[in-house]
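I have placed the structure first, in the form of structure tokens, so that the comments after it can refer back to it.
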Amino acid sequence: MKAILITGDRSGSGKTSITLALAALLAKGQNVQTFKVGMDYIDPSYLAAVSGRPCRNLDSFTLDNHQIRDIFRFGCRGADIALVEGVRGLYEGAEALTDTGSTAAIAKELDLPVILVVSAQSITRSAAAIVKGFQSFDPGIRIAGVILNNIKGGSHKAKAVTAIEHYCNVPVIGAIPRMEEMQLAMRHLGLVPYREGSGRGDFDARIATVTDIIGRYVDLDRLRSLMKEIPDSRNEPTLFDLVPSRDVKIGVAFDEAFNFYYADLFDILATLGAETVPFSPIHDCLPDADGYIIGGGYPELFTRELEANNRMREALRETSRNGTPVYAECGGLMYLTERMLLKEGWQGRDKDCSSEMCGVFTGETRMPARRVVSYVEGTCDVDSPLGGAQFRGHEFHYSEVVLPRETRFSYRLSRGVGILDNRDGAVINNTLGSYTHLHPVASAGMFRHFVDLCRQQKRSG
């Protein structure tokens with residue numbers, strides 16, 4: 001099979017729209033496996049939808065090199081092409097002087113050729129200087145080709161392409177006009193998740209338009225020629241391969257409001273002997289299970305619907321009170337508070353609006369608050385529902401969860417914000433709610449402890 005990585009010279013270069021369209025175009029004739037660099041849920045939802053295969057995340061801040069290679073090999077099984085989308089600019093990462101957490105780190109670890117997307121708005125010859133600088137910054141990175149974005153016209157294109165190919169000795173395989181139609185639907189924390197937008201005529205039409213534009217202005221044959229041939233990984237063992245019989249059920253909230261999950265979660269749960277049972281906090285009754293996971297999402301956009309499903313809210317409150325293990329991340333944490341307050345001015349509201357939530361945790365969620373986007377590093381207490389561990393993850397929210405100071409917190413953060421004073425992971429009974437998002441491979445031991453706790457509770461019940 002063949003593989004390549006698409007990255008940008010900066011955030012806003014257009015790499016997300018371009019990678020999405022390339023995945024859709026290549027998937028028309030071949031099996032395309034997509035990957036996303038960094039801790040991100042929304043871009044992968046698009047890449048998974050157009051490729052028909054789960055998109056998997058690769059992040060060198062949270063994952064070690066062995067885990068990165070295992071995820072890549074496992075994801076590539078049965079694929080003809082691996083297409084990796086970078087995060088922000090090629091060299092942006094967690095630190096100023098290392099490439100940890102960057103796209104460059106993944107490109108080097110997997111030895112992948114790189115296509116650099118350059119926003120060429122208002123520049124021609126300077127585009128060559130940008131590419132030359134990216135080439136020389138790290139000799140371990142092989143920039144195999146360039147896609148120019150925001151091209152104004154024929155003269156603009158000719159000058160920029162000529163300069164890059166002359167000074168940098170790499171081909172320009174696409175030059176995309178500056179067009180409003182290339183912009184995907186956005187909101188306060190980024191793109192609208194694919195699951196939420198899909199089915200709306202304007203949303204689907206915009207993706208079709210983006211795909212058509214990229215198909216006209218990027219040379220797919222030249223892209224294929226720049227891909228690296230990599231060995232078939234079907235016979236190479238990975239950490240996902242040992243799947244025991246499933247003796248415990250884990251309910252996983254999955255609907256319009258809660259859909260921020262890494263694809264690896266379901267594979268990791270399977271290796272721990274857990275069967276996943278999807279349910280909707282908006283539409284369903286709480287299914288019978290031995291434990292529950294409520295991931296992130298945008299519950300603030302569905303407060304009325306969540307409030308209206310009183311049976312679900314009461315069932316979750318009673319389930320937590322009875323000691324059944326519940327793990328909630330970010331949006332799930334917000335849902336488990338007593339109420340969600342959307343402030344005047346938020347999303348055009350003319351007054352404060354409060355909706356009742358589950359009441360597992362005493363306190364409320366307030367929207368909006370300061371925007372928090374950060375890697376997280378910390379330690380989890382040994383007597384928490386996820387066990388004692390050191391962990392790395394991320395937080396990504398625009399809300400504030402206000403809990404009493406006497407709340408028991410199981411996470412102590414050395415990096416990140418958390419819920420209160422660098423503390424996170426609020427605990428009551430066997431329920432843990434946090435702003436921290438954990439990667440299920442990097443934190444497999446914590447998920448193992450959670451599943452074992454579900455198993456113990458099942459046997460004792």
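Computed from a prediction, not measured in an experiment: that's the story for all the values here.
- Remark: Lys458 does not engage Asp247 in a salt bridge, criterion side-chain N to carboxylate O under 4.0 Å.
- No donor-acceptor distance shorter than 3.5 angstrom exists from the side chain of Gln390 to the backbone of Thr379, with no hydrogens or angles considered.
- Around atom CG of Asn310, more than 12 heavy atoms belonging to other residues, nucleotides or ligands sit under 6.0 Å away.
- In this structure, the side chain of Arg88 engages the main chain of Gly93 through a donor-acceptor pair within 3.5 Å.
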query = Is there a side-chain contact (heavy atoms from CB on, under 4.5 Å) between Ser410 and Leu386 once you walk through the steps?
reply = CA-CA 9 Å; Ser410 60; Leu386 272 67; over 6 Å; no
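- Residues meeting the ring-ring contact (aromatic ring centres under 6.0 Å, His included) test with Phe302, sequence neighbours left out: none.
- Considering only residues two or more places apart in sequence or on other chains, Arg339 meets the salt bridge (Lys or Arg N to Asp or Glu O under 4.0 Å) condition with Glu364.
- Across all non-hydrogen atoms, the minimal contact from Ile250 to Cys454 is CD1-SG, 3.6 Å.
- Relative to the six-membered ring of Tyr375, Arg415 misses at least one condition, a distance below 6.0 Å or an angle of at most 45° to the axis.
- Residue pairs meeting the ring pair (Phe, Tyr, Trp, His ring centres under 6.0 Å) criterion with at least one member in residues 409-429, sequence neighbours excluded: Phe391-Tyr411.
- Side-chain N or O atoms of Asp9 include none that pairs as donor or acceptor with a backbone N or O of Val118 at under 3.5 Å.
- The heavy-atom pair separating Asn31 from Arg53 by the smallest distance is CB-NH1, 4.4 Å.
- Between Thr431 and Phe361, some side-chain heavy-atom pair lies under the 4.5 Å cut-off.
- Under the side chain to side chain donor-acceptor pair (under 3.5 Å) criterion, Asp381 pairs with no residue at all, not counting sequence neighbours.
- Between Ile115 and Ile147 the shortest side-chain heavy-atom distance falls below 4.5 Å.
- For residues 264-280, the set of pairs meeting the salt bridge (charged side-chain N to carboxylate O under 4.0 Å, His left out) definition, not counting sequence neighbours, comprises Arg56-Asp264, Arg56-Asp267.
- Remark: Glu329 pairs with Tyr327, His437 by the side chain to side chain donor-acceptor pair (under 3.5 Å) rule, at least two apart or across chains.
- Taking the side chain as every heavy atom from C-beta outward, Arg459 and Gln456 never approach each other to under 4.5 Å.
- Side chain of Asn430 to main chain of Gly323: a donor-acceptor pair is present (N/O by atom type, distance under 3.5 Å, no hydrogens or angles).
- Under a 3.5 Å cut-off, the side chain of Glu318 and the backbone N or O of Ala315 do not form any donor-acceptor pair.
- Between the side chain of Tyr261 and the backbone N or O of Gly295 there is at least one donor-acceptor pair closer than 3.5 Å.
- In this structure, Lys36 contributes its side chain and Gly86 its backbone to a donor-acceptor pair below 3.5 Å.
- For Glu314, the salt bridge (Lys or Arg N to Asp or Glu O under 4.0 Å) test picks out no residue, with sequence neighbours left out.
- Here the side chains of Val441 and Tyr262 are not in contact, with every heavy-atom distance at 4.5 Å or above.
- Inspection of the Ser399 and Thr365 side chains reveals no N or O donor paired with an N or O acceptor under 3.5 Å.
- Screening residues 277-290 for salt bridge (charged side-chain N to carboxylate O under 4.0 Å, His left out) gives no qualifying pairs among residues at least two apart or on separate chains.
- The salt bridge (Lys or Arg N to Asp or Glu O under 4.0 Å) search around Asp80 returns none, not counting sequence neighbours.
- Judged by distance alone, with hydrogens and angles left aside, the side-chain atoms of Glu109 form no donor-acceptor pair with the main-chain N or O of Arg69 at under 3.5 Å.
- Other residues, nucleotides and ligands contribute over 12 non-hydrogen atoms within 6.0 Å of the CZ atom of Arg408.
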Listed pairs under 3.5 Å, donor-acceptor, residues 349-358 side chains, sequence neighbours left out:
residue	atom	partner	partner atom	Å
Arg349	NH1	Trp346	O	3.2
Asp352	OD1	Glu344	N	2.7
Ser355	OG	Arg304	NH1	3.2

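- Under the rule for a ring-ring contact (aromatic ring centres under 6.0 Å, His included), the partners of Phe260 that lie at least two apart in sequence or sit in another chain are Tyr41, Tyr298.
- Residues forming a salt bridge (Lys or Arg N to Asp or Glu O under 4.0 Å) with Arg178 (at least two apart in sequence, or on another chain): none.
- With respect to the salt-bridge test (charged N to carboxylate O, under 4.0 angstrom), the residues Lys108 and Asp99 qualify.
- Side-chain atoms of Arg412 and Asn422, non-hydrogen and from C-beta on, never get closer than 4.5 Å to each other.
- With hydrogens and angles disregarded, a donor-acceptor distance shorter than 3.5 Å links the side chain of Thr407 to the backbone of Pro404.
- For the pair Thr271/Leu239, no side-chain contact is recorded, criterion being any heavy-atom separation below 4.5 Å from C-beta on.
- Using cut-offs of 30° and 60° for the angle between ring planes, the Phe258 and Tyr335 rings count as tilted.
- Within the 4.5 Å cutoff, no side-chain heavy atoms of Ile18 are placed close to those of Lys15.
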task = Go through the steps for Leu272 and Phe450 under the test side-chain contact (heavy atoms from CB on, under 4.5 Å), then give the verdict.
result = CA-CA 10 Å; Leu272 300 175; Phe450 178 78; over 6 Å; no
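- Under the 3.5 Å distance criterion, the side-chain polar atoms of Thr319 are left unmatched by any main-chain donor or acceptor of Thr324.
- When side chains are defined from C-beta on, Phe61 counts as touching Glu377, because their heavy atoms get closer than 4.5 Å.
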inquiry  = Run the side-chain contact (heavy atoms from CB on, under 4.5 Å) test on Leu286 and Tyr292 for me, step by step, so that the C-alpha distance in whole Å, both residues' side-chain angles and the decisive distance to 0.1 Å come before the verdict.
reply    = CA-CA 10 Å; Leu286 187 68; Tyr292 299 89; 3.6 Å; yes
